[in-house]
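Below: one structure, written as C-alpha cells.
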2 protein chains.
Amino acid sequence: MTADPHSTAGPASRHGHDHAHCIADALTRADALCAERGARLTALRRQVLELVWNSHKPRGAYAILEDLSQREGKATAPLTVYRALEFLVEHGLVHRIESLNAYIGCAAPGAVHSGQFLVCETCGNAVEIDDPRIRAAIGTIAAEHGFQVSRPTVEVRGTCTDCQEKTP
Amino acid sequence: MTADPHSTAGPASRHGHDHAHCIADALTRADALCAERGARLTALRRQVLELVWNSHKPRGAYAILEDLSQREGKATAPLTVYRALEFLVEHGLVHRIESLNAYIGCAAPGAVHSGQFLVCETCGNAVEIDDPRIRAAIGTIAAEHGFQVSRPTVEVRGTCTDCQEKTP
DNA sequence: CCGGCGATGTAATAAGATAACGCCATGACC
DNA sequence: GGTCATGGCGTTATCTTATTACATCGCCGG
Ligand SMILES: [Zn+2]
Ligand SMILES: [Zn+2]
Ligand SMILES: [Zn+2]
Ligand SMILES: [Zn+2]
C-alpha cells in the first residue's frame, strides 16, 4: 500500500475531516446495532469492520486480509476475512461495491438504504448516497415491468470534485 | 450447463419468442455498426457475440469459452474470449453485468445507453432497460455532488414476472 | 459435566482476469 | 512483387478473487 492523499495516516486526515472520528463512530453504531439485534460482533468481525473503515475507499478482501495479518502478526486465511465480511454485509454494516470487487463501510447502518455510490475513478474514494429520486425511478420502472425488486445496485463511476479541480 | 427453461434450444424458444431471430438481428446490427465505424468484426468476435446472444442470460467468460472450445472442436485460451469480449464491450455490442461477472448482448447497440438491467435471481434472465428517469435522477444527484459521471451502473436484482407467477 | 451450535482455523481448489511473448495475416507503400 | 507496420490471434504462465471441505475451539443451556 503506497501513501495516498485520501487515506488516513494520522488522526486528522486531509479534507479537514477527523477520520478517527469516522471510525470510532462506525464502531459505536455497529456495537449498538448488533446489541439491539442480538448479533455477535466478535473481536475479529469488529477488527475487520475497523479495517474496512480505514479509509473512504472501497477495499478488496485481500487488502483487508493483508492488514489483518499484519496487525495480528501472523498470516490469516482469506476465508477468515470473507466470513467476517459476509456477516458485516448481511447486517448492513458494510457494502460490497460490485464493480470493484471491494468493500466499504456503510454510512448509515440501520436505516433503510439501497446502496448507491459515487465512485471516483481517479482517487478511488466512494461516497454513499441514498437518493429517493433514484430509488423511486427504479421502483417505478420495475413495477412497469412487473419486476419485484430485492436488491438494487447503483454504482456511478466518474470523477469527484477534488479530482476535477486537480486536473482542469 | 444443465437444461434450463429460458435458454434457447430450438429456433422458437419458450416465451413465444423466436430467439433465432434475436440472434440474427443482433449479428446484422453488429455487422452494420462495425462496417460504419471501420471496426473489424472478425470471425472470432462474431462467433463470441453469437455465443453471448445464445440466451437472454448474462454468461460468464469461461462459460462462453467452453462453448467456443466445443464449437471449434479444440481448446481455446481464456484470453481469446476476453479479448473478443473487450472489443464487443468497447463497441457497445455487449454489456458486462458487474454484479455477476458476466456478459450479455446489448439490446440497442449504437444508441446512447447507460446500461441498466433488471436481473432475475431465479431464472437468471436479464432485461436491459434505459429509463430516462433513472438517468436523470443520477445526473441530478451527481451534479449536486459536483461529481462528473463517466459510467453509471444500474443493476437491479429481483424476480421477474414469470418467476413470480411460478412461485405465488 | 456434556451435548450442541456457532465461530474460527487450515488446506485445497475453483472461478475470473491479465501479463508477456511471439507468430501470422492484412494492407499500405515503394 | 517486395517490404514493412499494424492489428489480431495463439501459447503459457500468473495473478486476483472467492469458495468448498473438514477439523477445532469455546460458549451456553441442560
Ligand atoms: Zn472519514
Ligand atoms: Zn477523486
Ligand atoms: Zn431472444
Ligand atoms: Zn425469472
Side-chain angles (χ1 to χ4, degrees), chain A residues 1 30-31 34-35 37-52 57-69 71-91 93-104 124 155, chain B residues 1-2 30-31 34-35 37-49 51-52 57-91 93-104 124 153 155:
Chain A
M1 209 69 334
D31 285 330
C34 287
R37 294 186 195 168
R40 297 176 51 184
L41 187 59
T42 331
L44 176 66
R45 291 169 175 170
R46 205 163 183 278
Q47 180 111 326
V48 169
L49 179 59
E50 189 180 345
L51 289 172
V52 168
K57 297 183 204 315
R59 311 204 65 205
Y62 278 73
I64 295 168
L65 175 62
E66 250 181 65
D67 291 0
L68 187 61
S69 296
R71 191 180 287 200
E72 298 281 321
K74 63 176 180 182
T76 314
L79 194 49
T80 305
V81 170
Y82 277 105
R83 282 196 282 226
L85 286 173
E86 186 185 7
F87 171 90
L88 296 170
V89 168
E90 258 170 18
H91 286 82
L93 297 166
V94 162
H95 289 290
R96 177 180 156 82
I97 308 288
E98 301 289 351
S99 58
L100 294 174
N101 295 329
Y103 302 81
I104 190 170
E155 297 172 8
Chain B
M1 216 42 3
T2 62
D31 285 332
C34 288
R37 294 185 194 169
R40 298 176 51 185
L41 188 60
T42 332
L44 176 65
R45 291 168 174 170
R46 205 162 182 280
Q47 180 111 324
V48 169
L49 179 59
L51 290 172
V52 168
K57 298 184 204 314
R59 313 204 64 205
Y62 278 70
I64 295 168
L65 174 62
E66 251 180 63
D67 292 0
L68 187 62
S69 296
Q70 193 176 346
R71 191 180 286 201
E72 299 281 321
K74 63 175 179 182
T76 314
L79 199 48
T80 305
V81 169
Y82 277 107
R83 281 196 283 228
L85 286 173
E86 186 186 5
F87 171 90
L88 296 170
V89 168
E90 258 171 18
H91 286 82
L93 297 167
V94 163
H95 290 289
R96 178 181 156 81
I97 307 288
E98 301 289 352
S99 57
L100 295 175
N101 296 329
Y103 302 82
I104 190 171
T153 301
E155 295 171 10

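To find a chain, count down the sequence lines: A is the first, B the second, and so on, and within it residues start at 1.
In this structure, A:Leu65 places its CG atom 15 Å from C1' of D:dT19, rounding to the nearest Å. If you measure from atom CD1 of B:Ile97 to atom P of C:dG16, you get 14 Å, rounded to the nearest angstrom. Between A:Leu44 atom CG and D:dC25 atom P there is a gap of 17 Å when expressed in whole angstrom units. Following rounding to the nearest Å, A:Glu72 (CD) and C:dT10 (P) show an atom-to-atom distance of 12 Å.
Remark: B:Thr76 is not in phosphate contact with D:dG10, judged by side-chain N or O atoms under 4.0 Å from OP1 or OP2. Distances shown here put a side-chain N or O of B:Arg96 below 4.0 Å from the OP1 or OP2 atom of C:dA17. Using a 4.0 Å cut-off, some side-chain N or O of B:Tyr82 falls inside it from OP1 or OP2 of C:dA17. A sub-4.0 Å separation between OP1 or OP2 of C:dT8 and a side-chain N or O of A:Arg45 is present.
Remark: the backbone N or O of B:Leu65 is paired with a side-chain donor or acceptor of B:Ser69 at under 3.5 angstrom.
Across all strands, A:Arg40 comes closer than 4.0 Å only to sugar-phosphate atoms, never to a base (heavy-atom distances).
The side chain of A:Asn101 approaches D:dT17 more closely than any other nucleotide in the set C:dT10, D:dT17, D:dT11. The listed nucleotides are C:dT18, C:dA7, C:dG9; the one nearest the side chain of B:Leu79 is C:dT18. Comparing C:dA7, C:dT10, D:dT11 by their closest approach to the side chain of A:Ala77 singles out C:dT10.
Other residues, nucleotides and ligands contribute at most 12 non-hydrogen atoms within 6.0 Å of the CD atom of B:Gln70.
Comparing B:Thr80 and A:Gly60, the nucleotide of DNA chain D nearest to each residue sits closer to the 5' end for B:Thr80. Residues B:Lys74 and A:Tyr103 both approach DNA chain D. Their nearest nucleotides, taken by heavy-atom distance, put B:Lys74 toward the 5′ side.
The shortest distance between side-chain heavy atoms of B:Phe87 and B:Leu41 falls below 4.5 Å.
Here A:Tyr62 packs flat against the base of D:dT17; its ring centre is closer than 5.5 angstrom to the base's six-membered ring, tilted by less than 30 degrees.
In the model, A:Ser99 has a side-chain atom that pairs as donor or acceptor with a side-chain atom of A:Glu155 under 3.5 Å.
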